[in-house]
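First listed ligand is number 1; within each ligand, the first listed atom is number 1. Counting begins at 1 with the first residue of the sequence. Computed over heavy atoms, backbone and side chain alike; hydrogens, waters and symmetry mates excluded.
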Amino acid sequence: MTAITLDGVATASAVKSELASRITDLRSNGIVPGLGTLLVGDDPASRSYVAGKHRDCAEVGIESIRVDLPASATSADVRAAIRDLNSAREVTGYIVQLPLPTGHDENAMLELIDPDKDADGLHPTNLGRLVLGIEGDLHSPLPCTPAGIVEMLQRYQVPIRGQHVTVIGRGLTVGRPLGLLFTRKGLDATVTLTHSRTQDLAAEVARADIVVAAVGVPHMVKPEWIKPGAAVLDVGITRVADDETGKGRLTGDVDPAVAEVAGHLSPNPGGVGPMTRAMLLANVVKAAEIKLHGR
Ligand SMILES: Nc1nc2c(c(=O)[nH]1)N[C@@H](CN(C=O)c1ccc(C(=O)N[C@@H](CCC(=O)O)C(=O)O)cc1)CN2
């Protein structure tokens with residue numbers, strides 16, 4: 001058996017096409033959606049992710065506003081930049097690219113974001129709404145990677161209700177909010193959230209119908225751990241040295257041999273990453289629609 005590929009590039013492209021008419025509608029009503037990004041320091045991966053966000057915005061007709069601070073920026077500088085983004089009229093939503101350089105208190109910075117402009121769904125008010133299970137008219141943005149994972153599973157008609165999900169990794173942007181999202185009413189999965197102190201990780205993975213690996217350890221998830229037919233989402237990504245080319249090569253958390261056991265598998269790169277970017281655009285559009293129509 002070879003797993004069906006959960007193609008993040010194609011799925012993200014479909015999401016972006018669907019957003020186009022909503023963006024046209026907003027613009028014809030005088031609302032120009034605008035994404036702000038705040039990047040602190042010179043981490044090459046963060047720099048490249050931010051550049052990708054601006055390219056995505058240009059592709060779909062969202063304005064984008066870039067604020068870059070040097071690695072020497074103080075926490076007072078970062079706070080001031082966040083305050084400016086909160087008040088900038090052309091910014092309808094924005095993100096603070098994570099991780100921030102060592103020395104900055106990420107949680108304290110996220111708390112300063114205006115929750116109505118929080119395009120990442122990482123402000124405590126929005127994470128709190130996820131905990132409370134508030135949906136519908138009180139829609140609040142969901143963190144982009146968890147939202148992208150669920151969107152992709154739904155579009156490939158992978159069953160979620162009643163299924164057992166094992167998430168590897170309890171980080172802020174993926175594992176913790178994903179556990180809350182999968183157990184929400186309407187999705188109704190049962191979640192095991194594992195981490196570096198989990199005692200028998202292989203056993204936790206072996207009973208999962210859906211496995212999400214978000215740790216950043218190359219090829220750590222082995223084929224013998226996987227229940228035959230399970231859906232496997234490979235989120236963590238690491239640049240490793242390639243002996244042949246001498247350049248870095250991107251490697252996911254999942255051993256490629258998992259494709260012989262799983263029912264569905266997201267490639268990495270080309271799986272969850274592009275969906276993360278598409279869901280950010282969706283959050284920006286939704287925030288602009290709320291600005292136009294109210295909640
Ligand atoms: N404020 C945030 N910071 C971070 C988030 C986030 O959602 N909000 N997530 C990650 C980084 N990230 C977006 O910011 C991100 C990571 C990877 C990709 C992506 O498309 N990856 C490609 C491969 C990347 C490459 O070619 O270099 C892929 O998977 O195909 C998009 C977004 C941490 N920080």
(message) Give me the residue, atom name and distance of the protein heavy atom closest to atom 5 (C) of ligand 1.
(response) Thr173 CG2, 4.2 Å

(message) Starting from atom 11 (C) of ligand 1, what is the nearest protein heavy atom, named by residue and atom, and what distance separates them?
(response) Tyr49 CD1, 3.5 Å

(request) Identify the protein heavy atom lying closest to atom 20 (O) of ligand 1, giving its residue, its atom name and the separation to 0.1 Å. (result) Gly273 C, 3.2 Å

(request) Looking only at distances, please establish whether an N/O atom of ligand 1 is found under 3.5 Å from an N/O atom of Pro269. (result) no

(request) May I ask you to identify the nearest protein heavy atom to atom 2 (C) of ligand 1, giving residue, atom name and distance to one decimal place in Å? (result) Asp120 OD2, 3.3 Å

(message) For the 3.5 Å polar cut-off, considering only N or O atoms, please tell me whether Gln97 and ligand 1 meet it.
(response) yes

(request) Just let me know how Leu98 lines up against ligand 1, side chain, backbone, both or neither, with a heavy-atom cut-off below 4.0 Å. (result) both

(message) Assess the residue pair Ser46 and Leu39 against the criterion (side chain to side chain contact (heavy atoms under 4.5 Å, CB included)); give the C-alpha distance rounded to whole Å, side-chain angles, the decisive distance to 0.1 Å, and a yes or no.
(response) CA-CA 8 Å; Ser46 293; Leu39 172 68; 3.7 Å; yes

(request) Identify whether the distance between the nearest side-chain nitrogen and carboxylate oxygen of Glu63 and Arg27 falls below 4.0 Å. (result) yes

(message) Would the distance check show the side chain of Glu106 and the main-chain N or O of Leu100 forming a donor-acceptor pair, the cut-off being under 3.5 Å?
(response) yes

(message) In the structure I gave you, are the side-chain heavy atoms of Thr192 and His164 within less than 4.5 Å of one another anywhere?
(response) yes

(message) Students should be able to answer this: which protein heavy-atom is nearest to atom 25 (C) of ligand 1, and at what distance?
(response) Leu250 CD1, 3.4 Å

(message) Applying a heavy-atom cut-off of 4.0 Å, say which part of Val96 lies close to ligand 1: side chain, backbone, both or neither.
(response) backbone

(message) Under 4.0 Å and counting heavy atoms only, is there anything from the protein next to atom 30 (O) of ligand 1?
(response) yes

(request) For Ala262 and Val232, work out which heavy atoms get closest and say how close. (result) CB-CG2, 3.9 Å

(message) Under a 4.0 angstrom heavy-atom cut-off, which atoms of ligand 1 come close to Gly270?
(response) 28 (C), 29 (O), 30 (O)

(request) Output the list of atoms in ligand 1 that are nearer than 4.0 Å to some heavy atom of Lys53, sorted by atom number. (result) 13 (C), 14 (O)

(request) Mark whether atom 18 (C) of ligand 1 lies under 4.0 angstrom from at least one protein heavy atom. (result) yes

(request) Keeping the roles fixed (side chain from Thr194, backbone from Val167), state whether a donor-acceptor pair exists under 3.5 Å. (result) yes

(message) As a test of understanding, state which of Asp120, Thr173, Thr276 forms a side-chain hydrogen bond (donor to acceptor under 3.5 Å, both in side chains) with Thr145.
(response) Thr276

(message) Could you check whether Arg66 pairs with Asp68 (Lys NZ or Arg NE/NH1/NH2 to Asp/Glu carboxylate O, under 4.0 Å)?
(response) yes

(request) Identify the heavy atoms of Val67 and Ala81 that sit nearest to each other, and give their distance. (result) CG1-CB, 4.4 Å

(message) Heavy-atom distances under 4.0 Å decide this one: backbone, side chain, both or neither, for Ala45 against ligand 1?
(response) neither

